[in-house]
Amino acid sequence: MTIQQVAEILDARVLCCEDKLDTEVKTGFGADMMSDVLAYVNGQGLMLLTGLINPQVVRTSEMMDITCIVFVRGKIPEIPVIELASARGIVLLTTQHRMFGACGKLYSAGITAG
Amino acid sequence: MAAITLQYIVDGKDFVSCGRASEQVKQNLKMLAFPAEAVRRIVIAMYEGEVNMVIHANGGVADVEITETLVRVRLTDTGKGIPDIEQAMKAGFSTAGEEIRELGFGAGMGLPNMAKYSDSMVINSTVGVGTEVIMEFKLD
């Protein structure tokens, strides 16, 4: 599905890179530990769901070729973090859904574990 | 292709810029048209090392040597050193405090991950003096 569809499923707000909403995502990974993202994430068309909002979320995503970050529990990072993602073409979404609910909705819609 | 050598200073006080060196290496390797999977292994391992230097050693220096067949990443710091390397290599072992865990790191996966993604890894460390990690990545 596209990131646009992810945003619709999660009633999410787009924080940056609106021009990349037609990018395809196939797999997702939910974690607040970036160490685990680096240790376990594998796959293409990856999306990260996290409650962590520091710059290292963007750096980690860049390393792992993650194209979209969904901040759960209504979290919104500070402007410099949004700018960091924007410069790297990583779409940022924020949703009020909690981690379990957000992952469940996406899994039901066909996103597999990354 | 002649060997390319790159050096980066990793600022230990700046968590925001942590990862910049690995990002630049990624861009360089992509520009040199290295295979995506190799680039991925190299930058993940280097980024883990960069994070380690920032959270445990107040920064350090990253030297990267690139040839057609091999990438060598050497990370050196003058931090507190690793008293028991064997223990540090165990998945899940970490001396990181709560502050670091809140940042999303310190799960004890850094060194095991670096070993997993590299083809060889050597750690030389002296308590109170510093640590040197040398990782090599072979390119087919």
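These numbers come from the heavy atoms of this one structure, side chains and all, not from hydrogens, waters or symmetry mates. We name chains A, B, ... by the order of the sequence lines, and we start the count at 1 in each one.
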K.L.:
By number, which residues in residues 103-114 of chain A have some heavy atom less than 4.5 Å away from chain B?
P.N.:
none
K.L.:
Taking the side chain as every heavy atom from C-beta outward, state whether Q4(A) and D22(A) have any atom pair closer than 4.5 Å.
P.N.:
no
K.L.:
Is it the side chain or the backbone of L52(A) that comes within 4.5 Å of chain B heavy atoms, both, or neither?
P.N.:
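The side chain, not the backbone.
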K.L.:
To check you understand the geometry: which heavy-atom pair defines the closest contact between G49(B) and L75(B), and what is its length?
P.N.:
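Shortest heavy-atom contact: CA-CD1, 3.6 Å.
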K.L.:
Taking all atoms of both residues into account, what is the closest heavy-atom pair of A62(B) and M46(B), and its distance?
P.N.:
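The answer is CB-CE, 3.9 Å.
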K.L.:
Less than 4.5 Å apart, side chain to side chain, heavy atoms only: is that true for F137(B) and V73(B)?
P.N.:
yes
K.L.:
For the residue pair L21(A) and T2(A), establish whether any side-chain heavy-atom pair is separated by less than 4.5 Å.
P.N.:
no
K.L.:
Answer yes or no: is there a side-chain heavy-atom contact under 4.5 Å between M121(B) and L111(B)?
P.N.:
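They are in side-chain contact.
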K.L.:
Are L29(B) and I42(B) packed together at the side-chain level, in the sense that at least one heavy-atom pair is separated by less than 4.5 angstrom?
P.N.:
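Of all side-chain heavy-atom pairs linking I42(B) with L29(B), at least one is under 4.5 Å.
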K.L.:
Check whether any side-chain heavy atom of F29(A) sits under 4.5 Å from a side-chain heavy atom of I66(A), and report yes or no.
P.N.:
no
K.L.:
Could you list each N or O donor-acceptor pair linking chain A to chain B at a distance under 3.5 Å?
P.N.:
residue: M34(A); atom: N; partner: G104(B); partner atom: O; Å: 2.7
residue: S35(A); atom: N; partner: G104(B); partner atom: O; Å: 3.1
residue: L38(A); atom: O; partner: N113(B); partner atom: ND2; Å: 3.3
residue: L38(A); atom: O; partner: Y117(B); partner atom: OH; Å: 3.2
residue: A39(A); atom: O; partner: K116(B); partner atom: NZ; Å: 3.0
residue: V41(A); atom: O; partner: R40(B); partner atom: NH2; Å: 3.1
residue: N54(A); atom: ND2; partner: L103(B); partner atom: O; Å: 2.9
residue: Q56(A); atom: OE1; partner: Y47(B); partner atom: OH; Å: 2.6
residue: Q56(A); atom: NE2; partner: F15(B); partner atom: O; Å: 2.4
residue: Q56(A); atom: NE2; partner: C18(B); partner atom: O; Å: 3.0
residue: R59(A); atom: NE; partner: V16(B); partner atom: O; Å: 3.4
residue: R59(A); atom: NE; partner: C18(B); partner atom: O; Å: 3.3
residue: R59(A); atom: NH1; partner: E23(B); partner atom: OE1; Å: 3.0
residue: R59(A); atom: NH1; partner: E23(B); partner atom: OE2; Å: 3.3
residue: R59(A); atom: NH2; partner: V16(B); partner atom: O; Å: 3.2
residue: T60(A); atom: OG1; partner: Y47(B); partner atom: OH; Å: 3.1
residue: E62(A); atom: O; partner: K26(B); partner atom: NZ; Å: 2.5
residue: M64(A); atom: O; partner: R40(B); partner atom: NH1; Å: 3.3
residue: D65(A); atom: OD1; partner: K26(B); partner atom: NZ; Å: 2.7
residue: R88(A); atom: NE; partner: E23(B); partner atom: OE1; Å: 3.1
residue: R88(A); atom: NE; partner: E23(B); partner atom: OE2; Å: 2.7
residue: R88(A); atom: NH2; partner: E23(B); partner atom: OE1; Å: 2.7

K.L.:
Which heavy atom of T27(A) sits nearest a heavy atom of L46(A), and at what distance?
P.N.:
OG1-CD2, 3.3 Å
K.L.:
Which heavy atom of I90(A) sits nearest to which heavy atom of V58(A), and what is that distance?
P.N.:
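So the two residues come closest at CD1-O, 4.0 Å.
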